[in-house]
Amino acid sequence: MFERLGEIHELLNFIWGTVIELNEELREELKPQGFRVDLVEGIFNGYVFLDGEWREMKYPYPAFEIKPQGEIGATIQGFYIVFEILKDKVNKEFLEEFLLKFPKSYIYGGPEDVYNHRTKPVSYKEIFEAMKESEENVFNFEVEVRDFENPKETVRRELRKFIELLKKYELLDFPEED
């Protein structure tokens with residue numbers, strides 16, 4: 001069980017180091033667009049999708065908020081970008097375009113996935129109906145980035161695409177300036 005401690009150590013150093021570097025770079029890069037990037041934190045109570053099921057991580061993983069309503073982080077599975085969106089603001093056009101642009105994604109609002117690219121490849125119409133029927137008011141739209149060769153570049157590219165899409169459908173809730 002503990003034969004690969006060196007590999008585990010290197011992987012954890014890699015994901016933490018990459019998230020810390022991304023955080024430093026995005027802090028200045030996103031400021032002109034109205035985003036505030038918080039510092040990296042060790043997050044608990046996360047899950048990874050292993051062997052066809054979500055499994056709790058009892059160990060911390062690195063993540064940071066992109067305010068409003070976003071987060072970037074990494075687990076042993078890869079990197080992720082997630083934005084919270086109010087259910088009432090999601091329309092079929094956004095949902096369809098999100099799924100086309102980000103085929104490796106998840107949509108969830110509570111304990112269950114509404115969409116999981118690994119287990120629930122359903123149409124955007126079915127996902128939209130499931131969201132409407134859900135008692136959840138907020139859904140997380142998560143993009144998976146499984147690039148361990150050039151993760152910073154890939155995360156940045158996917159983040160830009162994600163932000164453009166959110167702006168196109170007016171789904172970012174920037175606070176009013178005083």
Side-chain angles (χ1 to χ4, degrees), residues 1-31 33 35-86 98-99 101-121 136-163 165-166 171-173:
M1 178 170 163
F2 296 105
E3 297 168 4
R4 298 189 169 157
L5 285 177
E7 290 176 32
I8 295 168
H9 172 74
E10 291 302 317
L11 175 61
L12 292 173
N13 272 346
F14 175 76
I15 63 175
W16 275 88
T18 302
V19 170
I20 289 168
E21 288 173 19
L22 266 168
N23 176 266
E24 291 168 355
E25 294 167 7
L26 290 174
R27 197 169 308 134
E28 291 304 314
E29 186 178 317
L30 294 176
K31 190 185 290 185
Q33 296 180 50
F35 293 95
R36 190 178 94 223
V37 177
D38 286 353
L39 295 174
V40 174
E41 296 182 36
I43 307 297
F44 287 90
N45 301 320
Y47 289 82
V48 291
F49 196 77
L50 299 171
D51 302 323
E53 66 181 351
W54 288 107
R55 295 191 187 179
E56 182 182 8
M57 296 182 291
K58 295 184 179 180
Y59 49 88
Y61 60 96
F64 59 91
E65 287 188 60
I66 299 175
K67 292 183 178 175
Q69 77 217 55
E71 180 178 285
I72 291 179
T75 68
I76 58 172
Q77 225 171 337
F79 299 83
Y80 68 87
I81 306 161
V82 63
F83 279 89
E84 288 183 342
I85 302 172
L86 291 171
F98 174 82
L99 293 169
K101 286 185 187 248
F102 305 107
K104 293 189 184 300
S105 60
Y106 306 93
I107 302 170
Y108 51 93
E112 250 185 72
D113 297 329
V114 175
Y115 174 73
N116 178 331
H117 75 90
R118 297 168 192 224
T119 62
K120 290 189 176 184
E136 298 294 330
N137 292 321
V138 176
F139 283 89
N140 293 296
F141 286 74
E142 182 173 323
V143 174
E144 180 179 90
V145 178
R146 285 191 145 199
D147 180 352
F148 287 94
E149 297 296 319
N150 297 302
K152 289 191 323 182
E153 292 81 8
T154 306
V155 168
R156 289 166 93 119
R157 183 186 68 239
E158 296 299 289
L159 177 62
R160 281 192 296 276
K161 282 181 11 188
F162 204 162
I163 288 172
L165 184 63
L166 293 169
L171 296 173
L172 290 169
D173 294 320

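- The heavy-atom pair separating Tyr61 from Gly46 by the smallest distance is CE2-CA, 3.6 Å.
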Derivation of the side-chain contact (heavy atoms from CB on, under 4.5 Å) call for Leu11 and Phe148
CA-CA 10 Å; Leu11 175 61; Phe148 287 94; 3.9 Å; yes

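- Screening Phe141, Phe102, Tyr80 against Phe162 for a ring pair (Phe, Tyr, Trp, His ring centres under 6.0 Å) leaves a single residue, Phe102.
- Enclosure of atom CD in Glu41 is not indicated, since only 12 or fewer non-hydrogen atoms of other residues, nucleotides or ligands lie within 6.0 angstrom.
- Distance check: Asn137 CG to Ile85 CD1 gives 14.0 Å after rounding to the nearest 0.5 Å.
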Go through the steps for Arg146 and Lys104 under the test side-chain contact (heavy atoms from CB on, under 4.5 Å), then give the verdict.
CA-CA 9 Å; Arg146 285 191 145 199; Lys104 293 189 184 300; 5.8 Å; no

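- Panel note: side chain Glu144, backbone Gly78; no donor-acceptor pair is recorded below 3.5 Å.
- Between Phe35 and Pro68, the closest heavy-atom pair is CD2-CD, 3.9 Å.
- Nearest heavy atoms, Phe79 versus Asp147: CE1-O, 3.9 Å.
- A pairwise comparison of heavy atoms in Ala74 and Val19 identifies CB-CG2, 3.7 Å as the closest pair.
- When ring centroids are compared, Tyr108 and Trp54 stay outside the 6.0 Å threshold.
- Smallest separation of non-hydrogen atoms from Thr18 and Pro151: CG2-CG, 3.8 Å.
- Rounded to the nearest 0.5 angstrom, Asn140 CG and Gln69 CD are separated by 10.5 Å.
- A distance of 12.5 Å separates CG in Asn13 from CD1 in Ile8, rounded to the nearest 0.5 Å.
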What's the verdict on side-chain contact (heavy atoms from CB on, under 4.5 Å) for Arg27 and Leu39, showing C-alpha distance, side-chain angles and the deciding distance?
CA-CA 9 Å; Arg27 197 169 308 134; Leu39 295 174; 3.2 Å; yes

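- Results of the side-chain contact (heavy atoms from CB on, under 4.5 Å) test with Ile66 over Asn23, Asp38, Ile72 single out Ile72 as the only residue that passes.
- Side chains of Thr75 and Tyr47 form no contact here, defined as non-hydrogen atoms less than 4.5 Å apart.
- Within 6.0 Å of NZ in Lys31 there are 12 or fewer heavy atoms belonging to other residues, nucleotides or ligands.
- The line from CD of Glu29 to CZ of Arg160 is 6.5 Å long, rounded to the nearest 0.5 Å.
- A salt bridge between Arg156 and Glu153 is absent, with no side-chain N of the basic residue lying under 4.0 Å from a carboxylate O of the acidic one.
- Between atom CZ of residue Phe83 and atom CD of residue Glu142 there is a gap of 12.0 Å, rounded to the nearest 0.5 Å.
- Among all heavy-atom pairs drawn from Gln77 and Tyr106, the shortest one is NE2-OH, 4.2 Å.
- Atom OG1 in Thr154 sits 12.0 Å away from atom CG in Leu159 (nearest 0.5 Å).
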